[in-house]
There are 2 protein chains.
Amino acid sequence: MATPTRDRRAEILDAAADLFAARGFHGVSIEDIGAAVGITGPALYRHFRGKEALLSEILLDISARLHGQGAATAELPPPEALTALLTGHIAFALSHPALIRVHERELHNVPEAARRQIRRLQRLYLEEWVHVLSDLHPAVPQARLRSAVHAVLGLINSTPRSAGELSREEMAGLLHRMALAALTVSGD
Amino acid sequence: MATPTRDRRAEILDAAADLFAARGFHGVSIEDIGAAVGITGPALYRHFRGKEALLSEILLDISARLHGQGAATAELPPPEALTALLTGHIAFALSHPALIRVHERELHNVPEAARRQIRRLQRLYLEEWVHVLSDLHPAVPQARLRSAVHAVLGLINSTPRSAGELSREEMAGLLHRMALAALTVSGD
DNA sequence: CGGCAATGTTAATCTGCGTTAACGTGGAGA
DNA sequence: TCTCCACGTTAACGCAGATTAACATTGCCG
């Protein structure tokens, strides 16, 4: 065949992520995923070890991207770092609502080994937030900050549920203001 | 048998909800659920039409409880109503983290008919929030308020993820302050 | 007492779906 | 031109797990 298809792997991962977001991991068959990119189900095995490997790779990629984004703010002074974290996460959530959904909902379908790596990246990402906040509010105990960060990420990740009522800019601004206000008050 | 078991149905629903929360709908077998209450899998069919009916009933019950809680605030003057909505949702989330998880993640496994009812209740609940906020901030467009409410519910529902670092009272207070701050700023 | 209703049990049944086998085919490099 | 390799295809295979069937047991009630 050797058709000039641009990267098939990436194409499959994208299609699978969309399908998983819409119908859940078990609501999508190998055949469905294949069909979405114009091939049959079993052909997927030329690119991935199996269905779970597909999901693992999707989640790992998301976690790595978020963590990378977070790590990039490490050098900034705390106030700017916080802004960067907020802006970055919001941009990601608004650009990839399907990925956010999958990332939030499907971790338990990932095999143990990969799950550990994903959780590790998630933990590191969380700690980046906590670290920045800790610099800004040294008096607040870390446990409280951790809970506050979870809450704020939940707030931002709500994005896929309130689809399309507001323009992207308006939504980004709203989330930014709300998240910042929530964090600011979390130390009282 | 006719053993003096207190309501078996309720017992099964509880066990199923916990299992679904932990491993996802498809990660739990009929056999698992039965075992959790000390009976075999097929015995469940004496109480429910099938596995999907079980999930439907769980989600319907959650939606109805939240909506009921919300409706109860309708008579209060707006500021108290908002406090009641916040306190009520936070209390529910902290008391039933497993239910919140299932409610957030498993809707797509519910058959169409039940799904419509559940969505309707969710919409009504959301509108109760929007209504109260609309009274407090008449100038803010409803679309923005709707998004803000989604965001705040996402914030509060983050609870099952930041498990047990803080005491329940501390967590409730933190979530309340953060949610209120976020809502307050949502009209700017 | 006799029998129905409620609740369980174990042994099929049926089906969906992930995975594997066996078998093309076209293009790129030697 | 000849040969592989990359990528697909269709036909099995195998199994997990949801239903359903057929068959107890217990206790209430007429």
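Every heavy atom of this structure was used, including side-chain atoms; hydrogens, water molecules and symmetry mates were not. In what follows, chains are A, B, ... by sequence order, proteins preceding strands, each numbered from 1.
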* Asked: Taking it one step at a time, do B/Arg101 and B/His96 satisfy side chain to side chain donor-acceptor pair (under 3.5 Å)?
  -> CA-CA 9 Å; B/Arg101 255 184 131 94; B/His96 311 289; over 6 Å; no
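- B/Ser134 places no side-chain N or O within donor-acceptor distance of the main-chain N or O of B/His131, the cut-off being under 3.5 Å.
- Listed by chain and number, the residues in a salt bridge (Lys or Arg N to Asp or Glu O under 4.0 Å) with A/Glu128 amount to none (sequence neighbours excluded).
- Direction change of the helix axis from one end of the helix from C/dC1-D/dG30 to C/dA30-D/dT1 to the other is 10°, with five pairs defining each end axis (rounded to 10°).
- For the side chain to side chain donor-acceptor pair (under 3.5 Å) test, residues two or more places apart in sequence or in another chain that qualify with B/Glu112 are B/Arg115, B/Arg116.
- Counting only residues at least two apart or on different chains, the salt bridge (Lys or Arg N to Asp or Glu O under 4.0 Å) pairs with a member in residues 130-158 of chain B are A/Glu165-B/Arg146, A/Glu170-B/Arg144, B/Glu127-B/Arg146.
- Distance CD1 (A/Ile30) to P (D/dC13): 21 Å, rounded to an integer number of Å.
- The shortest non-hydrogen separation linking A/Glu52 to A/Asn109 is OE2-O, 3.8 Å.
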* To do: Please step through side-chain contact (heavy atoms from CB on, under 4.5 Å) for the pair A/Trp129 and A/Thr73, ending with a clear verdict.
  => CA-CA 10 Å; A/Trp129 283 76; A/Thr73 72; over 6 Å; no
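- The nearest whole Å value for the distance from the NE2 atom in B/His26 to the P atom in C/dG18 is 11 Å.
- Residues of residues 32-47 of chain B having a heavy atom closer than 4.0 Å to DNA chain D, listed by number: B/Pro42, B/Tyr45, B/Arg46.
- Aromatic rings from B/Tyr125 and B/His89 are positioned such that their centres are separated by under 6.0 Å.
- Here the closest heavy-atom approach between residue A/Ile118 and residue A/Val110 is recorded as CD1-CG1, 4.1 Å.
- For the OP1/OP2 pair of D/dG8 and a distance below 4.0 Å, the side-chain nitrogens and oxygens of A/Arg8 include at least one atom meeting the criterion.
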* Asked: Given the rule in the side-chain contact (heavy atoms from CB on, under 4.5 Å) test, do B/Val102 and B/Asp18 qualify, once you have shown the distances and angles that lead to the verdict?
  -> CA-CA 9 Å; B/Val102 176; B/Asp18 283 347; over 6 Å; no
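- A straight line from CD of A/Glu31 to P of C/dG18 spans 9 Å, rounded to a whole angstrom.
- Distance, B/Arg9 CZ to C/dT7 C1': 14 Å, rounded to whole Å.
- Here the closest non-hydrogen pair linking A/Gly154 and B/Ser158 is CA-CB, 4.4 Å.
- At a non-hydrogen distance threshold of 4.0 Å, nothing from residues 49-57 of chain B comes into contact with DNA chain C.
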